[in-house]
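The chain is numbered in sequence order, starting from 1.
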Amino acid sequence: MILVTAATGHLGKGVIDFLLKAVPAHQIVALVRDPAKAEELTDKGIAIRKGDYFDAASLVKAFDGIETLLLISSGSLEDRVGQHTNAINAAKEAGVKHLIYTSALKTSYQTKFTLGVDHIKTEEYLKSSGISYTIFRNTFYAEVVPMLVGNALETGQWFYPAAEAKANFVLRADIAEALAKVLVAPEKHLNQTYEITSAKSYSFTELAEQLSDVTGKTITYTAISTESFKAGLGQAGVPEAFIPMLVSISEALKDGEMDVTDAALEQLLGRKPTALSLYFQANYTA
């Protein structure tokens, strides 16, 4: 039996869709916090189990009889390491044989990305648990680009504090497909850590040029200071709790932490990852 956590999220649902192409629905279990929001999964024949990363007992119950588990990292900013620790402990208690964890690209204690430290701590705890594992260190989703672009499509001006550093982006669907492949054949990926990237990184100037080509609008990227970016977030009404995290993303980008290319995703997929330009073409029309 395979269990996918955070199953009503974009990545979780994507993984399940790919799993359904490889295994019968009755071999797939979805972990959700609110079963009322899982009707789409139920309609596909997926068994639903209720559980919360903050509630260790609920996880032990939900993981009963599960052999392979996908632990999608928490979207909550509160005690993420504690949440992940609860899930790993529950998996061990329930007898899960293999656990796949979604981490962050090239994460380390030196990262400027604040959530990245949560990932390296979780990785270390998972490795010490005794459960066989596969770690997906994911680069940014291509779907993050619109958040970074902001209102540049309307104004023609894209202000962001990344200087001329490059960043790597991957379609969420490609990551979901690769995760599904590992879930159905975990024995091929025992105790492996994969850096999940596309084949090319881009500067923000290059991204602006691509967006200009696709939309037919002239979009100009201008590097700004971190201080100006932080002030702009506050003026835009971004909740105070999220500002440090968003600033840390920009600092990690500026420091080149996301300027990484690796062949792991291509090898897992058995094909080249989808080009970022195709994502732009599908989502921004001239």
K.L.:
Which heavy atom of G14 sits nearest to which heavy atom of A176, and what is that distance?
P.N.:
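Nearest pair, atom of G14 first, then A176: C-CB, 3.6 Å.
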K.L.:
Quick check on side-chain contact (heavy atoms from CB on, under 4.5 Å): which of V4, I48, V29 does L41 satisfy it with?
P.N.:
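That would be I48; it is the only one of V4, I48, V29 passing the side-chain contact (heavy atoms from CB on, under 4.5 Å) with L41.
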K.L.:
Checking T102 against N138: is there a side-chain donor and acceptor pair closer than 3.5 Å?
P.N.:
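Distance-only check fails for N138 and T102.
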K.L.:
Is there a donor-acceptor contact under 3.5 Å linking the side chains of H98 and T68?
P.N.:
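Side-chain D/A pair, H98 to T68: absent.
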K.L.:
Distance check, rounded to the nearest 0.5 Å: M245 atom CE versus L233 atom CG?
P.N.:
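Spacing of CE (M245) from CG (L233) equals 10.0 Å.
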K.L.:
Is there a donor in the side chain of T5 and an acceptor in the side chain of Y53, or the other way round, less than 3.5 Å apart?
P.N.:
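T5 vs Y53: donor-acceptor pair found between side chains.
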K.L.:
If only atom types and distance count, is the side chain of N151 paired as donor or acceptor with the main-chain N or O of E154 below 3.5 Å?
P.N.:
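A pair under 3.5 Å: no.
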K.L.:
Consider only side-chain N and O atoms of T134 and H189, and report whether a donor and an acceptor are under 3.5 Å apart.
P.N.:
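Looking only at side-chain atoms, H189 and T134 do not form any donor-acceptor pair under 3.5 Å.
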K.L.:
So, taking the atom named CG in L207 and the one named CG in L148, what distance separates them when rounded to the nearest 0.5 Å?
P.N.:
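It comes to 8.5 Å.
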K.L.:
Starting at CD1 of I88, measure out to NE2 of H84 and round the result to the nearest 0.5 Å.
P.N.:
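Separation between the atoms: 8.0 Å.
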K.L.:
Any idea which heavy atoms bring Q110 and E257 closest together, and the distance?
P.N.:
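Heavy-atom minimum between the residues: O-OE2, 4.4 Å.
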K.L.:
Does NZ or CZ of K200 lie under 6.0 Å from the centre of the six-membered ring of Y202, at an angle within 45° of the ring axis?
P.N.:
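Verdict for Y202: a cation-pi partner in K200.
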K.L.:
What are the two closest non-hydrogen atoms of A142 and F169, and how far apart are they?
P.N.:
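So the two residues come closest at CA-CB, 4.0 Å.
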K.L.:
Does either side chain, that of T107 or that of E123, offer a donor lying less than 3.5 Å from an acceptor on the other one?
P.N.:
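Looking only at side-chain atoms, E123 and T107 do not form any donor-acceptor pair under 3.5 Å.
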K.L.:
Hydrophobic cluster membership, with links at side-chain heavy-atom distances under 4.5 Å among I/L/V/M/F/W/Y: are V144 and L278 in one?
P.N.:
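As far as the 4.5 Å side-chain criterion goes, L278 and V144 are not connected within one cluster.
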K.L.:
Does anything in residues 86-109 form a salt bridge (charged side-chain N to carboxylate O under 4.0 Å, His left out)? List the pairs, not counting sequence neighbours.
P.N.:
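Checked against salt bridge (charged side-chain N to carboxylate O under 4.0 Å, His left out) - neighbours excluded - no pair reaches residues 86-109.
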K.L.:
Find the distance between OH (Y133) and OG (S128) and round it off to the nearest 0.5 Å.
P.N.:
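If I round to the nearest 0.5 Å, the distance is 10.5 Å.
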K.L.:
Is it true that the side chains of D262 and T197 contain a donor and an acceptor less than 3.5 Å apart?
P.N.:
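No, no side-chain donor-acceptor pair sits under 3.5 Å.
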K.L.:
Is the side chain of E143 donor-acceptor paired with the backbone N or O of R172 at a distance under 3.5 Å, no angle test?
P.N.:
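Here the side-chain-to-backbone pair exists.
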K.L.:
Quick one: list whatever passes ring-ring contact (aromatic ring centres under 6.0 Å, His included) with Y160, sequence neighbours left out.
P.N.:
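Applying ring-ring contact (aromatic ring centres under 6.0 Å, His included) to Y160 gives F204, F229.
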K.L.:
Can you check whether Y279's main-chain N or O pairs, donor with acceptor, with N283's side chain at less than 3.5 Å?
P.N.:
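Indeed, once roles are kept as given, a pair shorter than 3.5 Å links the two residues.
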K.L.:
What heavy-atom pair brings D64 and R49 nearest, and what distance separates the two atoms?
P.N.:
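Smallest interatomic distance, heavy atoms only, reads O-NH1, 2.7 Å.
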K.L.:
Donor-acceptor pair, S248 side chain versus T114 backbone, under 3.5 Å?
P.N.:
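Yes, S248 side chain to T114 backbone: donor-acceptor pair under 3.5 Å.
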K.L.:
Quick check on E240: does its CD atom have over 12 non-hydrogen neighbours (other residues, nucleotides or ligands) under 6.0 Å away?
P.N.:
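It does not: E240 CD has 12 such atoms or fewer within range.
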K.L.:
Quick one, L71 and I100 - any side-chain contact, counting heavy atoms below 4.5 Å?
P.N.:
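Not touching, per the 4.5 Å side-chain cut-off.
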K.L.:
Indicate yes or no for a side-chain donor-acceptor contact from E206 to the backbone of S203 under 3.5 Å, with no hydrogens or angles considered.
P.N.:
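Such a contact is found between E206 side chain and S203 backbone.
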K.L.:
Okay, side chain of Q210, backbone of A208: is any donor-acceptor separation there less than 3.5 Å?
P.N.:
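No; judged by distance alone, with no hydrogens or angles, the pair does not exist.
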K.L.:
Who are the side-chain hydrogen bond (donor to acceptor under 3.5 Å, both in side chains) partners of S198, not counting sequence neighbours?
P.N.:
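By the side-chain hydrogen bond (donor to acceptor under 3.5 Å, both in side chains) rule, S198 matches N168.
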K.L.:
Given 3.5 Å as the limit, does a donor-acceptor pair link the side chain of T139 with the main chain of L105, or not?
P.N.:
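Flag not set: sc T139 to bb L105 has no pair under 3.5 Å.
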K.L.:
First locate atom OH of Y284, then atom CD1 of I219, and finally report the distance between them rounded to the nearest 0.5 Å.
P.N.:
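Interatomic distance, Y284 OH to I219 CD1, rounded to 0.5 Å: 8.5 Å.
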K.L.:
Heavy atoms, side chains only, cut-off 4.5 Å: are D259 and L253 in contact?
P.N.:
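Heavy-atom side-chain distance check fails, nothing below 4.5 Å.
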K.L.:
For I224, does its backbone N or O pair with a side-chain atom of S228 as donor and acceptor, under 3.5 Å?
P.N.:
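Side chain of S228 to backbone of I224, a donor-acceptor pair under 3.5 Å: no, none is there.
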K.L.:
Roughly how far, to the nearest 0.5 Å, is CE of M258 from CZ of F113?
P.N.:
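Result: 6.0 Å between the selected atoms.
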K.L.:
With the threshold set at 4.0 Å, does a side-chain nitrogen-carboxylate oxygen contact exist between D118 and R80?
P.N.:
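Judged by the 4.0 Å cut-off on N to carboxylate O distance, D118 and R80 do form a salt bridge.
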K.L.:
Can you tell me if T111 and S108 form a side-chain donor-acceptor pair at under 3.5 Å?
P.N.:
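Note: T111 and S108 side chains miss the donor-acceptor criterion.
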K.L.:
Can you see whether Y141 engages H10 through a side-chain donor-acceptor pair at a distance of less than 3.5 angstrom?
P.N.:
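The answer is no; no qualifying pair exists.
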K.L.:
Looking at every heavy atom in both Q83 and E78, which two are closest together, and how far apart are they?
P.N.:
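For Q83 versus E78, the nearest heavy atoms are NE2-O, 2.6 Å.
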K.L.:
Using a strict threshold of under 4.0 Å (side-chain N to carboxylate O), is an ion pair present between D55 and R33?
P.N.:
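Judged by the 4.0 Å cut-off on N to carboxylate O distance, R33 and D55 do not form a salt bridge.
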K.L.:
Which atom pair, heavy atoms only, marks the closest approach of P186 to L183?
P.N.:
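Minimum heavy-atom contact is CD-O, 3.4 Å.
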